[in-house]
Asker: 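This is the structure I have questions about; it appears just below.
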Amino acid sequence: MNRPPFTIGLRAALSASAVLAVALLAPASCRRHDQRLTLLNVSYDPTREFYADVNKAFSAEWQERHGQPLAIKQSHGGSGKQARAVCDGLEADVVTLALAGDIDAIARAGLLSADWAAKLPQNSAPYTSTIVFVVRTGNPKGIKDWGDLAGRGVQVITPNPKTSGGARWNYLAAWAWAEKQFGGDQAKIREYIARVLGNVPVLDAGARAATTTFAQREIGDVFLSWENEAYLIAKEFPGKTEMVYPSLSILAEPSVAVVETNAKKHGTAAVAQAYLEFLYTDAAQQLAAKHFYRPRRATVASTLPAIDLVTVDRDFGGWATAQRVHFDDGGTFDQLYGTKQ
Amino acid sequence: MSHPGVTTESRLVRMLLIGTAGLIVGLLLLMPLLAVFIEALRKGWEVFLASLHDEAALSAVKLTLTAAAVSVPLNTLFGVGAAWAVTKFRFKGRALLISLIDLPFAVSPVIAGLVFVLLFSPHGWFGRWLEEYDLKVIFALPGIIIATMFVTFPFVARELIPLMAAQGSDQEEAAVTLGARGWQIFLRVTLPNIKWGLLYGVLLCNARAMGEFGAVSVVSGHIRGETNTLPLHVEVLYNEYQFSAAFACATLLALLALVTLGIKSAIEHFTGHRHHGRH
């Protein structure tokens, strides 16, 4: 006969853990709201450092004005992926995504009203950015402008436009350049885009993953990057890369909105609205400039150079159209990706 | 142990084979392990300790431990039950059950995660029902636990099935003839026979539960300080260029693996038990 103490011990352990399991699961699934006021900001990839600063500033101000402690939680990832998660039930109080199209997707899921962009100044985009090139030190492949991306033997790093907002801006900026370069000749534009896509060795899901591919893993000759991310690369990997401003780029308007359904449920509508309005204040605009976004307020100084920028609204008929023509299933990206190697 | 004539290979061939194996183990297993610790300590002990003391890191550790504390005991219960049923009885659907136990090994963890999103998201199969009762599953603790349980489901059962099959049911039958009842037979005959295999299965299950990335990543929502498990937190830190902090947290996972390995070896050493289970 084997030792009975072991048997008893194990039996006790098993029943104890079953009790533990129930005890842990029950309250965890029932308790939704914390007593403390919390706000969940679901954002895209390159805003991590910016919102870390904004959250600190805003919660201090909120506490001072309302005497109420406020915790702001962050979730980051590819903009399209994040929008998808919010539609799937990630209960964001506010979304601060890379482009209006992703917030439109959340509106279509019924979580906020379709006219969300009109609820805050400047199309609900409190700061802007653009797309620039990052190359290896000394620019060994001599990359100066969009045309050079289609060259033979040039490896281009850009994330997947299906999941990443930045990648969609990259794609449209390249398209805008080609449109101008080839005088609107659709066949030539498509040929050019297909050749650039053929030079992309790997499509990462988000801008940050693509940055890691280029800067950390040292894959590729040129990285199509958010302007602010490019400055961050220069800071994190000093002396390894340089920035190149192309002749033309796109005005990227990362948009923000309160996710009305969630905010109402959490009782956070007022603080969520105040949070987004805070982004337009001098204090937040200065933080935007500090993190190399282009501030909207003329009173806030920015060191970023002025360049020729096309816009989605003027040159692509707005995000709804751009999304349908280029990025939805069967759009130009699907038609052109993988056709040239 | 080696008996002359058992192997026909010359000394040189044997040395070459052993050398190759050693090299592969060194390159693929030891070097990465070492690299984790070196990278973690690159900026010194202060940075190392600070990154473990960070609020988000602590919350990740807590979440990982919670997920394991729930999923491992439950999977142990299921695993023992399943192995018991499959090896001691013959019934209709037995072969199907054995295949089903293996399902989580065969399915990509990402697919598993997406299936849970499909089931529990507001527009999913159970979405409306969960909404009515104000229950939250995905992008919250229950979803993370369910995903972990799915992925670690087979470990205990897979460890026990070969062991219990090899032992047969002679002893249980003897117990029955001596008048023992079902529960009594299990506790006094079966359990003592399988306890080491069981412990081994639990250790493996636990290691995987704490280390799981794919399935948990899909259902987590990546809320910093709330739904990031330790492996997800490592990824977040890495993406924020906080390499030392990322590797510091990775050392926790690596240490866990080493401790698991240590306990397993200790068990084998002190009991003289040699483990025969396989996947």
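Letters A, B, ... are given to chains in the order of the sequence lines, protein chains preceding strands, and every chain is numbered from 1.
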Asker: Tell me every residue that passes side-chain contact (heavy atoms from CB on, under 4.5 Å) with B/A56, counting only those two or more places apart in sequence or in another chain.
Answerer: B/D54, B/R224, B/H233
Asker: Does CZ in A/R84 sit with more than 12 non-hydrogen atoms of other residues, nucleotides or ligands closer than 6.0 Å?
Answerer: no
Asker: Suppose a student defines contact as a heavy atom less than 4.5 Å from any heavy atom of chain A. Which residues in residues 234-244 of chain B would they list?
Answerer: B/V236, B/Y238, B/N239, B/E240, B/Y241, B/F243
Asker: Rounded to the nearest 0.5 Å, what separates atom CD in B/E226 from atom OG in A/S75?
Answerer: 10.5 Å
Asker: Which of the residues B/S220, B/G221, B/G225 is involved in the greatest number of heavy-atom pairs with chain A at under 4.5 angstrom?
Answerer: B/G221
Asker: Given that the side chain runs from C-beta out, which part of A/Q216 has a heavy atom under 4.5 Å from chain B: side chain, backbone, both or neither?
Answerer: side chain
Asker: What residues, two or more places apart in sequence or in another chain, satisfy side-chain hydrogen bond (donor to acceptor under 3.5 Å, both in side chains) together with B/T190?
Answerer: B/E172
Asker: Holding to side-chain hydrogen bond (donor to acceptor under 3.5 Å, both in side chains), I want the full list of residues that pass it with B/T152, two or more places apart in sequence or in another chain.
Answerer: B/N75
Asker: Distance check, rounded to the nearest 0.5 Å: A/K265 atom NZ versus B/D134 atom CG?
Answerer: 6.5 Å
Asker: Could you check which of A/A92, A/G206, A/C87, A/G89 has the highest count of heavy-atom pairs closer than 4.5 Å to chain B?
Answerer: A/G89
Asker: Within the supplied structure, the quantity of interest is the number of heavy atoms (other residues, nucleotides, ligands) at a distance under 6.0 Å from B/K88 NZ; does it exceed 12?
Answerer: yes
Asker: How long is the straight-line distance from CD1 of B/I223 back to CG of A/L40, given to the nearest 0.5 Å?
Answerer: 4.5 Å
Asker: Say you draw a straight line from CG of A/L90 to OG1 of B/T227; how long is it, rounded to the nearest 0.5 Å?
Answerer: 7.5 Å
